[in-house]
Amino acid sequence: MHRETLPPAPALHIATDVAATRWLAVGSLAALIVLSLAWELWLAPVRPGGSWLALKALPLAVPLAGLLKRRMYTYRWVSLLVWLYFTEGVVRAWSDPTPGNWLAGLEIVLCLLLFTACALHVRLRQRAAKAARAAAPA
């Protein structure tokens with residue numbers, strides 16, 4: 001009788017957590033892209049009719065494919081890139097009039113979610129790789 005082998009419970013738990021952090025990272029990055037475009041083109045542009053600041057969404061679009069393809073390097077550098085947008089959010093939350101300051105607050109939250117998801121994703125994948133090396137026969 002053929003019996004399918006299942007990974008040990010901790011490995012299965014780590015795999016589920018890795019998938020969750022991946023989707024949280026992709027979702028928060030996509031939301032940050034949409035927010036950047038909507039903010040600068042319609043919701044509260046710096047100039048009436050939209051502004052060139054909408055181009056700030058372009059650097060965010062670059063890592064989207066790498067996150068979807070599970071490239072560890074992409075998760076690492078996105079966790080650094082996101083601090084530029086966090087800084088913009090803090091400055092504009094302090095200085096922009098309403099509704100710009102509320103949008104900046106949302107940008108701050110999305111940046112913190114993205115950073116946390118990327119950092120956890122890298123940590124969990126490294127932990128899973130270490131566990132796999134330890135479990136491999138010598």
> Checking side-chain contact (heavy atoms from CB on, under 4.5 Å) for the pair Arg22/Leu67: CA distance, chi angles, key distance, verdict?
Replying inline: CA-CA 7 Å; Arg22 175 179 175 237; Leu67 294 184; over 6 Å; no
>> Leu68 vs Trp23, test: side-chain contact (heavy atoms from CB on, under 4.5 Å). Steps then yes/no.
In response: CA-CA 9 Å; Leu68 289 170; Trp23 288 113; 4.1 Å; yes
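By the rule that hydrophobic residues join a cluster once side-chain heavy atoms approach within less than 4.5 Å of another member, Leu106 and Val26 end up as members of one cluster. Cluster membership check: Leu114 shares its hydrophobic cluster with Leu112, using side-chain heavy-atom separations under 4.5 Å among Ile, Leu, Val, Met, Phe, Trp and Tyr. With hydrophobic clusters built from ILVMFWY side chains whose heavy atoms lie under 4.5 angstrom apart, Leu84 does not share a cluster with Leu53. At a threshold of 4.5 Å between side-chain heavy atoms, the hydrophobic network of Ile, Leu, Val, Met, Phe, Trp and Tyr places Leu120 and Val109 in two separate groups. No path of Ile, Leu, Val, Met, Phe, Trp and Tyr side chains, each step under 4.5 Å between heavy atoms, connects Leu24 with Leu124, placing them in separate hydrophobic clusters.
Summarising the geometry, atom CG belonging to Leu58 is positioned 10.0 Å from atom OG belonging to Ser36; distances are rounded to the nearest 0.5 Å. Between Asp96 atom CG and Trp102 atom CH2 the span is 13.5 Å, to the nearest 0.5 Å. For the atom pair CG (Asp17) and CZ (Arg125), the distance works out to 14.0 Å, reported to the nearest 0.5 Å. Here the OH atom belonging to Tyr85 is positioned 7.5 Å from the CG atom belonging to Leu32, to the nearest 0.5 angstrom. With rounding to the nearest 0.5 angstrom, the CG atom of Leu103 is 11.0 Å from the CD1 atom of Ile108.
A donor-acceptor distance shorter than 3.5 angstrom exists from the side chain of Ser79 to the backbone of Arg76, with no hydrogens or angles considered.
Residue Pro45 comes nearest to Gly49 through the heavy atom pair CG-N, 4.5 Å, listed as atom of the first residue, atom of the second, then distance. Considering all non-hydrogen atoms of both residues, Ala57 and Ile33 come closest at CB-O, 4.1 Å. Nearest heavy-atom pair, Ala104 versus Gly89, reported as atom, atom and distance to 0.1 Å: CB-O, 3.3 Å.
Residue-environment remark: CH2 (Trp77) exceeds the threshold of 12 foreign heavy atoms within 6.0 Å.
By the 4.5 Å heavy-atom criterion applied to side chains, Pro63 and Leu29 are counted as neighbours. Side chains of Val18 and His121 form a contact here, defined as non-hydrogen atoms less than 4.5 Å apart. Side-chain contact check for Arg92 versus Val46: some heavy-atom pair is nearer than 4.5 Å. Taking 4.5 Å as the limit, every side-chain heavy atom of Cys118 sits out of range of all side-chain heavy atoms of Val82.
For the salt bridge (Lys or Arg N to Asp or Glu O under 4.0 Å) condition, the pairs that include at least one residue of residues 47-73, sequence neighbours left out, are Glu40-Lys56, Lys56-Glu88.
Listed by chain and residue number, Phe86, Phe115 satisfy the ring pair (Phe, Tyr, Trp, His ring centres under 6.0 Å) test with Trp83 (two or more places apart in sequence, or in another chain).
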